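Report on the structure given below.
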Amino acid sequence: MLASAVVQAELAASGDLEGLSKKQVKKLVSQQTTERAQALAEQIADAVRATGRFASVEAVNGYINLSYDAATVARDLLGEVLGADERYGHAPSGTHPGKVMIEHSQLNTHKAAHVGHLRNICLGVAVTNISQAAGYGTMPATYIGDIGRHVIQCLWCYERFHAGEEPASTGSRGRWLGDIYAESAARLSYRKELLAFLNRVIQEDDAFVEAIDRMLKLLWQTRPEGEDIAYLLGCVSNRNDIDPARLGDAELMVRFWPIVGEQLLVERDTPAPEDTRSPQGEPNGTGPAMTADERVAEWSRLNERIDWWPHVDVWEQEVKATFQRWETKEPAFVELWETTREWSLIELREIFDEFGATFTEWFYESAVEDAGREIVKDLLTEGIAEISEGLPVVKIDEKLGLERETYHTMPILRSDGTTLYATKDLALTREKFVDYGVDTAVWVVDVRQSLYFDQIIKILELSGFEQAANAVHLGYEFVTLPSGAISSRKGNAPMLEDVRNAVLQRASAVIEEKNPTLDAETRAKVAWQVGIGAIKYTMLARDGNKVILFDPEEALSFDGHAAPYIQYAHARACRILEHAGLSLDDARSKVASIELSEPAPEELALLQELSELPGVVQRAAAEYRPLYLTNYVYDLAKTFNDFYHACPVLKSEDPVKTARLSLVAATRVTLRNGLAMLGIEAPIEM
RNA sequence: GCGCCCGUAGCUCAGUGGAUAGAGCGCUUGCCUCCGGAGCAAGAGGUCGCAGGUUCGAAUCCUGCCGGGCGUACCA
């Protein structure tokens, strides 16, 4: 910048720029800038060198590289690191004024947690730790989904099909409830699922459509009245979606289904002689068309539960009735809810303990329903909300006078009077600012809810609650599997518990192979540190706006850019210090006498890296991005490994030995502190 | 349609307007009589999606395209 200004001024002064266009001037200036910059850099370097404050001053490519005196830097920096010990990297509390509440790990009762929740927990814990370390007044909070449709569904399914079957052990009842929830979802979505399959076959399979006439005639033989059959025929031959409400006879599908199966089997076993159609599927398809084998497999899967078909609409009615039992607070139902809720909470607390999530506040959805209804009432009387088609909504764009659709319209209560997520969040968000006096309220929630949170903020602002502008949504992208997006409907989401168990088992096996001399107790502990650390690191070492592709194979690999690499560097440093018999106090007392007359490049690189933790922590906290810290600890571990291979420590002679031992001691402290902020433990051996 | 996000090595990803764009995995080749080989060194592998613009300077900022993901009134 300086150089270009100088060049331009010089050229202007000499009159070379006269009569040239702006573009020509730029080109001329640009051509001469690099050369001039180097000349300027050399001049400046000479001047700086003369001050004698730097060990070396070099001008390279128009840049000036300064070197400090290594021994001075080493004494100051290592003294600071070893003196602060566990506080190195931490700013004094109160460095940043104001209280920030970080809400994360919004787990549900009555429903199992999956790998997607893992990202939330890991992110929430790390953001909280980093915020604290950076000197913000930090309040971690969780918000448990202990009421809502999923709970009602689960309890309906429990009472209807599983009452009295609960396992004896209290510890496994939460998981058991989660399975019941999954069953309820499968039951209630059965018609949708079956029709989705049938509609897809109709779209993709010409042979099926051609055969439908014959199939329906077969069906007609068993059931002469044929209005429903005519409807089915119409849908299929016109390739329209089937609406179950138009089928008067719920048993019809049960009788039709085996015929569908027969047709699909025939198609599988007699491949079309000339398939002139493209095998790549239809233009509107969701991916490539299913193969004949896949169709048969899917048909069989659905066929196992075909007796569910006639009952689904009744079940839906029952779930609605169950919702009403909650709304009227029927004592027996409330008691059932309390009991089962506690079963789940026991396991949620275990998950939180394991992943290092602690909270100063626990919020429950069930506790903010009433406050939410009050807010809805207020919004209606103030004219901010209105009833549209029987539904209380806020037409946000209209109220803000926006021409373009931006915040859309948000329903704030169901038309039957039951509460929505939004009902409760309106109340809770207010509460955070008013009752807890926070200055910033952070939601750590999946990015798919970003419009939702914008709506909450705008509605609160419309109601005159201006602090809502200080609520921030820390969104993160979801976790997908190599096989495709996680969907609880498809049931392909690995459960949090299963992932945890698999990784721990793998960690234990690796340790046994790499370090067979460890005793069983230590091995179990280290397996836990390494396994959980590996999970956390993979969840954090990716920017929030990137989808994490969760490959179970890769998550189980402990090589390369992963937590174990960093933990290994830490254990290695510990072992060197142990061999040297150097305690932290010893190291501290020797720092002042460090000499580095001929520092190796690896030693200087390590010093440089060590000095950067405090700055990285501040940046990670300000932007709520633990990624900066995962990158930092990895770089530090890598720098340390370079140093380790290039600079023998124990076999060197004093004064080099003292300097290197101090570097090792400081690296150990810094690695441990950095990992701790990420919620990852640093084993002393592994 | 509108809005948000993504596009960097075969794959998974870093990259604070600045120097020759970097890691890991995978592939090729070396290094344990030497502080712990979960490691280190070397090699191959790039039109930073495309096209304009701003700037002395753009992977980075702006605009427009292309490709993908997500969201868009009674799910959470």
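It should be emphasised that the depicted structure is a prediction, and the values quoted were computed from it without experimental measurement. Here is the naming used below: chain letters follow the sequence lines, and residue numbers restart at 1 for every chain.
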Exercise. Any side-chain N or O of A:R414 less than 4.0 Å from the OP1 or OP2 oxygen of B:rC75?
Worked result: yes

Exercise. Does the side chain of A:Y644 get closer than 4.0 angstrom to OP1 or OP2 of B:rG37 through an N or O atom?
Worked result: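 So the side chain of A:Y644 is within the cut-off, an N or O lying under 4.0 Å from OP1 or OP2 of B:rG37.
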
Partner of [N] by Watson-Crick or G-U wobble geometry, both contacts under 3.5 Å, or none?
{"N": "B:rG7", "result": "B:rC66"}
{"N": "B:rG18", "result": "B:rC56"}
{"N": "B:rA23", "result": "B:rU12"}

Exercise. Is the A:Y421 ring parallel, tilted or perpendicular to the A:Y143 ring (thresholds 30°, 60°)?
Worked result: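 Taking A:Y143 first and then A:Y421, their aromatic rings sit tilted (interplane angle of 30° to 60°).
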
Just how far, in rounded Å, is [atom2] of [N] from [atom1] of [X]?
{"X": "A:R404", "N": "B:rC2", "atom1": "CZ", "atom2": "C1'", "result": "8 Å"}
{"X": "A:F558", "N": "B:rA38", "atom1": "CZ", "atom2": "C1'", "result": "10 Å"}
{"X": "A:E602", "N": "B:rG39", "atom1": "CD", "atom2": "C1'", "result": "15 Å"}
{"X": "A:I548", "N": "B:rC6", "atom1": "CD1", "atom2": "P", "result": "15 Å"}

Exercise. Around A:Q505, counting heavy atoms of other residues, nucleotides and ligands shown, do more than 12 lie under 6.0 Å from its CD?
Worked result: no

For this session: Could you tell me whether A:I684 atom CD1 has more than 12 heavy atoms of other residues or ligands within 6.0 Å of it?
Result: no

Exercise. Under 3.5 Å, is there an N or O donor on one side and an acceptor on the other linking the side chain of A:S415 and the base of B:rC74?
Worked result: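 Side chain to base: pair present.
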
Exercise. Can you find a donor-acceptor pair, distance only, under 3.5 Å between A:Q449 side chain and B:rA76 base?
Worked result: yes

Exercise. Do A:L348 and A:N108 come close enough that some side-chain heavy atom pair is under 4.5 Å?
Worked result: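 When only atoms from C-beta onward are counted, A:N108 and A:L348 do not touch, as no gap falls below 4.5 Å.
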
Seminar exercise, completed: Assign each of A:K638 and A:N545 the nucleotide of RNA chain B bearing its closest heavy atom; nearer the 5' end lies the nucleotide of A:N545

